[in-house]
Structure formats: structure tokens, C-alpha cells
Amino acid sequence: SGGACSTMIRAEVNALDQISAKTRPIKMARISKGLSFALGVGTWLPEVWSDEKGVIAFLRFQGRGLVGYGLKKIGLEDAMSQKSTHFTHAISRVPSKSIVSGLRAVDTGNPDYDVFLGHHTTYVATLRSTGAEVTVLPALEDFPDAVFVEDSALCLQELAIVMRPGAPSRLGEAAAMQPTLEALYSTVAVIEGPGFIEGGDILVSEREILVGLSDRTNQAGVDELADIVAPFGYSVRVVQTPPGVLHFKTDCSLLDGNTILATPILDASGCFDGYDVIHTAEGESACANSIRYNDLVLMPAGFPKTRA
């Protein structure tokens with residue numbers, strides 16, 4: 001159904017996560033092939049006191065005072081470098097029974113709903129295993145593809161942006177997501193059009209927002225997004241999604257602040273110059289659509305060469 005696509009709502013810098021990331025290796029979590037639905041939203045904030053050697057980092061939950069989860073001298077740059085990979089919350093949506101009639105880039109037959117639902121349950125449990133709070137929204141039977149929640153919203157630290165999907169049958173998904181975003185953010189912007197843009201074409205790194213032009217995202221949609229995020233200090237760079245690829249992030253995913261997993265054909269376009277790039281193995285391009293979530297990398301099962 002249109003390929004796997006997911007992004008996380010940008011959390012405030014989580015000082016505890018920065019400390020933990022320096023002492024624990026990244027673990028690999030296996031998820032059934034082609035599933036990724038989450039959005040994340042963060043409310044954890046750092047309390048930091050700096051000196052000439054670095055900063056002492058505490059973790060504070062907004063409105064509940066200082067919480068002594070841990071403190072350690074860390075470099076200020078390190079403390080601010082994982083906002084694109086570490087999160088405290090996620091939003092997911094139960095797949096509807098109508099998912100069997102969803103859009104798809106390649107018709108490989110209808111998915112088995114019970115299997116799909118089981119995979120989704122496992123996915124949510126894996127997110128929760130990181131300590132994240134996961135909000136699971138009810139199924140939307142009128143919108144078969146609504147389980148792919150990332151396409152309907154881009155969520156940054158400062159604001160959430162309701163997308164304008166390029167497939168007419170998906171426009172209602174964005175409207176359905178808006179109340180949830182408004183409950184979590186004080187600032188919610190909306191892509192009004194006439195352009196189109198979907199979250200599956202947007203990759204947010206520590207340094208920029210990359211947007212791939214595709215069948216679902218056009219230049220007018222990107223221009224409106226750039227106008228919205230510019231006052232918050234974000235730069236937007238437009239790249240081209242390879243022919244035959246549904247979404248930009250079908251062929252890539254962020255592993256850390258400077259490392260991207262990508263198919264060789266996408267990397268060959270030069271769009272990742274300046275980043276460290278890991279290529280998917282030959283015949284395993286489908287696993288480029290993976291997710292870094294806190295100290296886990298969630299990748300589709302069945303791709304042992306790339307996983308190694």
C-alpha cells in the first residue's frame with residue numbers, strides 16, 4: 001500500500017538521550033517487511049549549565065520540575081546533535097480493513113488484513129520498548145492509506161505542519177490528523193495549496209530539510225513549506241526522487257545526524273554530498289525505508305546483507 005513511510009515529530013533536545021547514546025550501542029530491531037507508521041512528539045526539555053569544559057545536563061519534563069534522571073559533562077555540540085533521531089512520543093493509527101484497497105506503487109496483490117494488523121501491533125510495542133509513549137489513533141475506514149500517518153504531517157520542534165497529499169483520495173487524511181496535532185502543538189500551520197507535498201518525501205536532518213520532488217510532491221508545495229519554516233531557521237533543499245520511486249524516503253532513511261541509509265541509485269544523484277552514506281546491498285533496496293528511533297534502528301526483516 002504505497003510503500004512504508006514514517007517520520008518522527010521533532011522532540012525538544014533530550015539531554016538524557018544524549019547521555020545514554022554515548023554509553024549504549026545502537027541496537028537493531030527487526031520488524032516485518034514494509035511497515036512504518038509512527039510520528040513522534042516531544043515534551044522533554046534539557047536543563048543545562050555550561051562551563052569551560054562542557055555542560056552538565058539534566059532532564060526536565062515541562063510543568064513537573066527538575067527530574068534527576070542523570071547528569072554528566074558532555075560537549076554542548078553533542079547535547080544538541082540528536083534531535084532528529086531521539087523522541088519521547090509517537091503517534092500511530094490502527095490500519096483499517098479497507099487497507100486492502102489502498103494505493104500501491106507496485107501491485108503485488110492485496111495484503112492480508114490480519115497479518116497487517118499483527119505487524120502493526122508489533123511495531124507499536126517496539127516503539128514503546130524504547131520508553132516512548134505511543135498514541136494509537138482509531139482506524140479510518142474511509143481512507144485506506146491513513147495508516148501511513150507520516151504523509152499527512154511534518155512535525156518539528158517549534159511547530160507542526162499539516163501536509164497536502166498529492167493523491168486526491170488522501171486529502172481527507174490530513175484534515176483528520178490536524179486536531180491531534182493541535183492538541184500537541186501551540187503552533188500548527190497548514191499547506192493550503194495549490195501545491196502538493198507529502199511527508200514521505202521529506203527527510204529532516206540536523207542541518208536541513210531535504211524534500212524530494214515526486215509524483216506526490218511538487219515545487220509549489222515545497223515553496224509553501226519553505227515559506228512556513230524559514231522564520232524558524234530551517235533551510236529547505238529540493239532534490240529529485242528517482243523515476244519509478246514513489247517517495248523520496250522509499251529509497252533513504254536517517255540513521256544519525258550525519259549518516260543516511262540509501263539505495264545506490266539515489267545516492268548517485270549527489271543529493272547526500274557531505275553526509276556519510278551507507279548503501280543498501282544489491283537486491284535489498286526495499287530496506288532503505290528504515291527508522292532510527294531513539295537507540296533502535298527499525299528495519300524490515302528479510303534483508304540480511306544490509307543489516308550486517
Side-chain angles (χ1 to χ4, degrees), residues 1-10 36 39 84 103-106 143 145-146 148-178 181 187-254 260-275 277 285 288-289:
S1 175
C5 42
S6 173
T7 192
M8 308 301 166
I9 295 178
R10 295 298 169 283
S36 41
L39 299 173
S84 59
L103 301 173
R104 62 203 69 185
V106 179
F143 300 101
D145 297 291
F148 300 106
V149 293
E150 125 174 291
D151 288 327
S152 61
L154 173 65
C155 303
L156 304 169
Q157 282 188 351
E158 300 85 354
L159 77 162
I161 306 159
V162 180
M163 300 283 97
R164 192 164 188 261
S169 64
R170 301 195 65 186
L171 285 170
E173 298 174 25
M177 180 61 72
Q178 186 169 346
L181 299 176
T187 302
V188 176
V190 178
I191 300 292
E192 301 286 357
F196 297 94
I197 186 168
E198 294 189 4
D201 287 315
I202 303 172
L203 186 145
V204 180
S205 75
E206 299 296 323
R207 68 180 79 163
E208 61 186 341
I209 299 175
L210 288 163
V211 185
L213 299 179
S214 71
D215 290 341
R216 303 289 184 83
T217 294
N218 61 21
Q219 186 64 54
V222 178
D223 291 344
E224 188 173 353
L225 172 67
D227 288 342
I228 291 171
V229 301
F232 298 93
Y234 291 95
S235 63
V236 174
R237 181 159 64 92
V238 179
V239 298
Q240 186 64 53
T241 302
V245 176
L246 178 63
H247 282 130
F248 178 59
K249 283 193 300 190
T250 301
D251 270 28
C252 67
S253 52
L254 191 72
I260 293 172
L261 174 66
T263 61
I265 189 172
L266 181 58
D267 184 34
S269 70
C271 64
F272 299 130
D273 289 350
Y275 291 90
V277 181
S285 60
N289 184 209

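- With a 6.0 Å radius and a threshold of 12 heavy atoms from other residues, nucleotides or ligands, Ile228 has its CD1 atom above the threshold.
- Separating the OG atom in Ser152 from the CD1 atom in Ile191 is a distance of 12.5 Å, to the nearest 0.5 Å.
- Ion pairing between Glu224 and Arg164 fails under the 4.0 Å rule for side-chain N and carboxylate O.
- A donor-acceptor contact shorter than 3.5 Å is absent between the side chain of Ser214 and the backbone of Thr241.
- Contact detail for Leu266 and Cys252: the closest heavy-atom pair is CD2-CB, 3.7 Å.
- Side-chain contact between Phe248 and Leu203: present, with at least one pair of heavy atoms (C-beta onward) separated by less than 4.5 Å.
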Kindly determine whether Leu154 and Val204 satisfy side-chain contact (heavy atoms from CB on, under 4.5 Å), including the steps that lead there. CA-CA 9 Å; Leu154 173 65; Val204 180; 3.9 Å; yes
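- Looking at every heavy atom in both residues, Leu210 comes nearest to Cys271 through CD2-O, 4.3 Å.
- No hydrogens or angles considered: a donor-acceptor pair under 3.5 Å links the side chains of Glu206 and Ser84.
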Verdict with supporting geometry, Met163 and Glu173, side-chain contact (heavy atoms from CB on, under 4.5 Å): CA-CA 9 Å; Met163 300 283 97; Glu173 298 174 25; over 6 Å; no
Going through the distances and angles, do Ile161 and Val188 end up as a side-chain contact (heavy atoms from CB on, under 4.5 Å)? CA-CA 6 Å; Ile161 306 159; Val188 176; over 6 Å; no
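- The backbone N or O of Phe196 sits less than 3.5 Å from a side-chain atom of Asn218, completing a donor-acceptor pair.
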Under the criterion side-chain contact (heavy atoms from CB on, under 4.5 Å), I'd like the reasoning laid out for Ile265 against Asp251: C-alpha separation, chi angles, the key distance, then a yes or no. CA-CA 9 Å; Ile265 189 172; Asp251 270 28; 3.8 Å; yes
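- Salt bridge annotation for Arg216-Asp201: absent, with no cationic side-chain nitrogen under 4.0 angstrom from a carboxylate oxygen.
- Looking only at distances, a side-chain donor or acceptor of Glu198 sits under 3.5 Å from a matching main-chain atom of Gly166.
- Separating the CZ atom in Phe272 from the CD1 atom in Ile260 is a distance of 4.5 Å, to the nearest 0.5 Å.
- Interatomic distance, CZ of Arg170 versus CG of Asp145, reported as 5.0 Å (0.5 Å rounding).
- Between Tyr234 and Glu208, the side chains place no donor N or O within less than 3.5 Å of an acceptor N or O (distance only, hydrogens not considered).
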